[in-house]
Peer 1: 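Below is the structure I would like to discuss, written out as structure tokens.
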Amino acid sequence: MAFPRQRLRRLRQSEPLRRMVRETRLSTPDLIAPFFVTGGRDRRDAISSMPGQYRLSVDLLVKEAAEVKLLGIPAVILFGIPDRRDERGTAAYDPNGIVQQAVRALKDQVPGLLVVTDVCIDEYTSHGHCGLVQDGRILNDETLECLRAVARTHAEAGADIVAPSDMMDGRVGAIRGELDRAGFPDLPIMAYAAKFASCFYAPFRDAAESSPKFGDRQSYQMDLANAREAIREIELDVEEGADIVMVKPAMPCLDIIAAARSRVLLPIAAYQVSGEYSMIKAAARAGWLGETQAMMESLLSIKRAGADLIVTYFAKDAARLLNASCA
Ligand code: PBG
């Protein structure tokens with residue numbers, strides 16, 4: 001039955017045929033748009049390492065988020081840039097902190113848009129680590145106290161989903177317990193379950209000024225070489241009460257996304273991180289890649305690997321394109 005009777009090119013002859021047999025489709029409700037929020041008013045500071053991305057004050061974030069909602073993107077995820085940093089990252093769990101203010105404003109002024117918050121202290125600590133530090137070591141269990149407080153204050157501000165990204169052991173269970181005790185048993189947790197120590201976070205750290213001041217994140221984020229361990233991380237987060245599990249970064253981890261898809265029944269999110277975005281932007285600016293095609297190909301590959309949701313800085317651009325193509 002092989003060639004010449006079997007010709008796979010038959011179904012590739014025209015766009016209507018290709019469209020009909022297409023196995024994977026990207027759609028606007030798959031996307032989550034990340035935003036950096038900062039203090040002040042009417043502020044829109046360009047992030048030089050992430051062309052097209054800005055640090056926005058709350059008033060301008062509200063405007064952006066309204067556009068996101070209009071485009072049909074279901075959710076935003078917020079990262080805060082505080083005006084003060086200390087050893088314990090206290091600005092991260094200040095009930096009046098920048099993310100807490102932003103959540104309240106968005107819930108008030110952009111009803112129907114889901115607000116996800118990043119639960120981590122690295123943007124708020126003077127040392128830039130995701131955990132408390134003692135004698136140069138990153139403490140695990142002590143950090144859980146901070147994460148509980150971050151998640152609770154986000155919940156109290158009205159967050160729809162909390163997303164812990166710190167990679168401390170036991171944080172999902174700790175946050176679940178805290179939310180349940182504080183009267184938020186129905187608030188979902190999207191856990192950055194398999195988060196690898198990756199150089200592709202560099203533009204984000206630039207944007208959030210959150211590079212560690214000493215050492216690196218390899219004692220808490222995963223070793224990129226480990227796929228079986230990623231599955232253990234994911235299964236543990238599921239056991240501890242995660243509602244959505246995330247893999248990060250996305251394109252360097254398509255195998256992990258696919259493995260996760262075959263192992264767990266929860267929705268799977270993938271984070272197309274800052275470096276993945278900036279790489280495409282830079283190549284496009286140099287004239288080496290077509291930006292639109294590279295954007296869509298990267299997103300489709302993440303979806304094909306098995307992600308249900310994609311956190312991406314391209315969310316608005318991709319949504320515009322997707323909405324136009326189904327009009
Ligand atoms: C930690 C956090 C980081 C990212 C999301 N949450 C930075 C890090 O781990 O260093 C990176 C996202 C990106 O690169 O787009 N709060």
Side-chain angles (χ1 to χ4, degrees), residues 31-38 47-55 75-82 85 89 91-93 97-99 116-133 138 143 146-147 150-151 154 159 161-168 171 175 189-224 233 245-253 269-282 295 298-299 302 309-315:
L31 306 172
I32 300 175
F35 286 104
F36 298 97
V37 55
T38 186
I47 299 166
S48 58
S49 55
M50 300 177 69
Q53 301 298 314
Y54 303 85
R55 300 185 193 90
V76 294
I77 182 166
L78 301 182
F79 298 95
I81 301 167
R85 294 181 159 96
Y93 38 98
I98 187 65
V99 165
V116 185
T117 57
D118 185 79
V119 173
C120 194
I121 60 171
D122 65 323
E123 293 124 60
Y124 307 87
T125 52
S126 42
H127 44 74
H129 278 290
C130 304
L132 298 175
V133 174
I138 316 302
T143 300
C146 301
L147 297 171
V150 177
H154 289 177
I161 299 179
V162 292
S165 68
D166 52 283
M167 290 302 280
M168 297 301 124
R171 80 272 164 75
I175 290 171
I189 298 175
M190 175 164 79
Y192 289 67
K195 176 172 177 180
F196 290 88
S198 165
C199 70
F200 290 105
Y201 308 149
F204 174 100
R205 291 179 191 168
D206 204 29
E209 297 153 33
S210 63
S211 284
K213 302 293 174 291
F214 70 90
D216 55 39
R217 302 209 202 288
Q218 292 188 76
S219 76
Y220 42 106
Q221 298 181 351
M222 286 191 54
D223 186 330
L224 199 88
E233 279 285 4
V245 285
M246 197 197 288
V247 175
K248 174 181 176 195
M251 282 234 286
C253 296
Y271 198 139
Q272 182 181 49
V273 301
S274 55
E276 299 177 74
Y277 170 84
S278 298
M279 215 164 37
I280 291 175
K281 282 281 183 187
M295 164 179 84
S298 63
L299 294 172
I302 296 164
L309 301 168
I310 306 175
V311 181
T312 173
Y313 301 95
F314 285 121

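We count ligands from 1, going down the list as the structure has it; atoms in each ligand are counted the same way.
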Peer 1: Between H129 and F214, does a ring pair (Phe, Tyr, Trp, His ring centres under 6.0 Å) hold up when you go through it step by step?
Peer 2: CA-CA 9 Å; H129 278 290; F214 70 90; 4.7 Å; yes
Peer 1: If every non-hydrogen atom of A75 is compared with every non-hydrogen atom of V116, which pair is closest and at what distance?
Peer 2: CB-CG2, 4.2 Å
Peer 1: Could you check whether any side-chain heavy atom of R55 comes within less than 4.5 Å of a side-chain heavy atom of V37, counting everything from C-beta outward?
Peer 2: no
Peer 1: At a 4.0 angstrom heavy-atom cut-off, what protein residues surround ligand 1?
Peer 2: F79, D118, C120, D122, E123, S165, K195, F200, Y201, F204, R205, R217, Q221, K248, Y271, V273, S274, Y313
Peer 1: Hey, does the side chain of S198 reach the backbone of P249 with a donor-acceptor pair shorter than 3.5 angstrom?
Peer 2: no
Peer 1: Could you tell me which residues satisfy ring pair (Phe, Tyr, Trp, His ring centres under 6.0 Å) with F314, sequence neighbours excluded, listed by chain and number?
Peer 2: Y277
Peer 1: Parallel, tilted or perpendicular: which one describes the rings of F36 and F204, with boundaries at 30° and 60°?
Peer 2: tilted
